[in-house]
Amino acid sequence: MKTTPQQLLLAWYHTHGRHDLPWRTTNDPYRIYLSEIMLQQTQVKTVLERFYFPFLEKFSTFNEVACAEVDDVLKMWEGLGYYTRARNLHAAARACQGILPATAQELMTLPGIGRSTAHAIAAFAYREALPILDANVKRILHRYYALGERDEKQLWGYAYDLFDKQHPFEYNQAMMDLGSLVCVGKQPKCDECPFGKHCKGRAEPLRYPMAKVTKPKPIRVRDIILFEREGKFALAQRKERFLSGLWGFAQYEKGSWGYHSHYLGHITQHYSHFTLEADCYHETHNDPQEEFEWFSLEEIGRLSLSRADHKVLQWIHPKEKD
DNA sequence: GAGGCGTGGAG
DNA sequence: TCTCCAAGCCT
């Protein structure tokens, strides 16, 4: 009997896989689901060391998420980014009344759960025989089948081709570990790869997939005004899609705030699709427009703020050393 | 279907 | 410091 690529992969996984990750040692669908959402576009280290356990401490069941206010869910997401994930998690909990569906087909109808995440939850929590297609699997498939072009639909076909439907949990976990530990982007360790000669792209792994054309990020130049009145500061909760639900200080187009407020300093914040360059000012004589509310420093601590607004906070923390 | 959507790790 | 990009989804 010839050894199949799938057998080689599983053998490698048993020896080299990250078996101690907390979402791999639980059967709780909610804990598996939460990990999948937090890990979208986010490194394992970040989720593991800063966000996964505190969130579960606050919301130990999916039903507790459903019963909570969305602002409290956002607070636990503060600093993690892509905040729509938190809002969708809350909306999903409400939509299914705190009881997670048990099939990929139903999971996919919930907000924030796409095809790959639905397959991941179904495979990991319920052993449903479905392949995932995340960035790790994509990179492996591109190389394994020597595919230069990025074609999502085609990749799903290959994902099913290589899939081991007898071992959905271990196969999917193994592929993610292989992608993050061996078949990495810059310097793949082909010598350590269990697929060995099965991989069509092994001779020139960096050709698969083809590099993207990266467009330069636009820069937005703004003024941020810290309005202070009797020890309280003005913040507004964002209604727009960007950083939706988070609180922030007043932000204006450069120069459009007409007063000569006291200059505090400059911040730079890199977002996914633009860079913010902002000068910060302290304003104690004039008030901002309508939608702002006033909070003490202690009260601000209970709000969810973006990274940029946290940077602004540094200027008003009384006698804090750097 | 291409772009919006955060943050920080890693080289 | 700069660039890339990490367990994607939604519009």
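Taking every side-chain heavy atom of Gln43(A) into account, dG9(B) is the closest of dG6(B), dA7(C), dG9(B). Comparing dC4(C), dG8(B), dC9(C) by their closest approach to the side chain of Lys186(A) singles out dC4(C). Closest to the side chain of Arg241(A), out of dA7(C), dG8(C), dG4(B), is dG4(B). In the set dT7(B), dG8(C), dG9(B), dG8(C) carries the atom at the smallest distance from any side-chain atom of Gln41(A). Nearest to the side chain of Phe242(A), among dG8(C), dA6(C), dG6(B), sits dG6(B).
One side chain, His310(A) or Glu78(A), offers a donor N or O that lies under 3.5 Å from an acceptor on the other. When only modelled atom types and interatomic distance are considered, Thr275(A) and His270(A) share a side-chain donor-acceptor pair under 3.5 Å.
Contact annotation for Ile113(A): backbone-only contact, meaning every heavy-atom pair under 4.0 Å involves sugar-phosphate atoms and none involves a base. Heavy atoms of Ser306(A) sit under 4.0 angstrom from primed sugar atoms or phosphate atoms, though from no base atom. Using a 4.0 Å heavy-atom distance criterion, Arg87(A) is classed as making no nucleic acid contact. Counting non-hydrogen atoms under 4.0 angstrom, Trp23(A) reaches a base of the nucleic acid. At a threshold of 4.0 angstrom between heavy atoms, the contacts of Val47(A) with the nucleic acid are absent. At a threshold of 4.0 angstrom between heavy atoms, the contacts of Gly179(A) with the nucleic acid are absent. Backbone-only contact: Thr214(A) has heavy atoms under 4.0 Å from sugar-phosphate atoms and none from a base. Gln187(A) comes within 4.0 angstrom of nothing in the nucleic acid, heavy atoms only. Among the heavy atoms of the strands, none lies under 4.0 Å from Arg150(A). The residue Ile132(A) sits apart from the nucleic acid: no heavy atom pair falls under 4.0 Å.
Here the options are Tyr281(A), Trp257(A), Trp294(A), the test is ring-ring contact (aromatic ring centres under 6.0 Å, His included), and the partner is Phe227(A); only Trp257(A) passes. The only member of Tyr33(A), Tyr30(A), Phe169(A), Tyr171(A) that meets ring-ring contact (aromatic ring centres under 6.0 Å, His included) when paired with Phe124(A) is Phe169(A).
Close to dC9(C), at under 4.0 Å from its OP1 or OP2, lies a side-chain N or O of Thr117(A). Side-chain N/O atoms of Lys215(A) include one lying less than 4.0 angstrom from OP1 or OP2 on dG3(B). Within the structure, every side-chain polar atom (N or O) of Thr46(A) is placed at least 4.0 Å from both OP1 and OP2 of dT7(B). Put simply, Tyr83(A) has a side-chain N or O that comes within less than 4.0 Å of OP1 or OP2 on dT7(B). A sub-4.0 Å separation between OP1 or OP2 of dG6(B) and a side-chain N or O of Arg85(A) is absent.
With DNA chain C read from its 5' end, the first of the two nearest nucleotides for Gly112(A) and Asn136(A) is the one closest to Asn136(A). With the nearest nucleotide of DNA chain C identified for both Ala135(A) and Lys217(A), Lys217(A) has the one nearer the 5' end.
Cation-pi geometry between Arg143(A) and Tyr208(A) is not met: the NZ or CZ atom fails to fall both under 6.0 Å from the ring centre and inside 45° of the normal.
Computed from coordinates, the Arg18(A) CZ to dA6(C) C1' distance equals 11 Å when rounded to whole Å.
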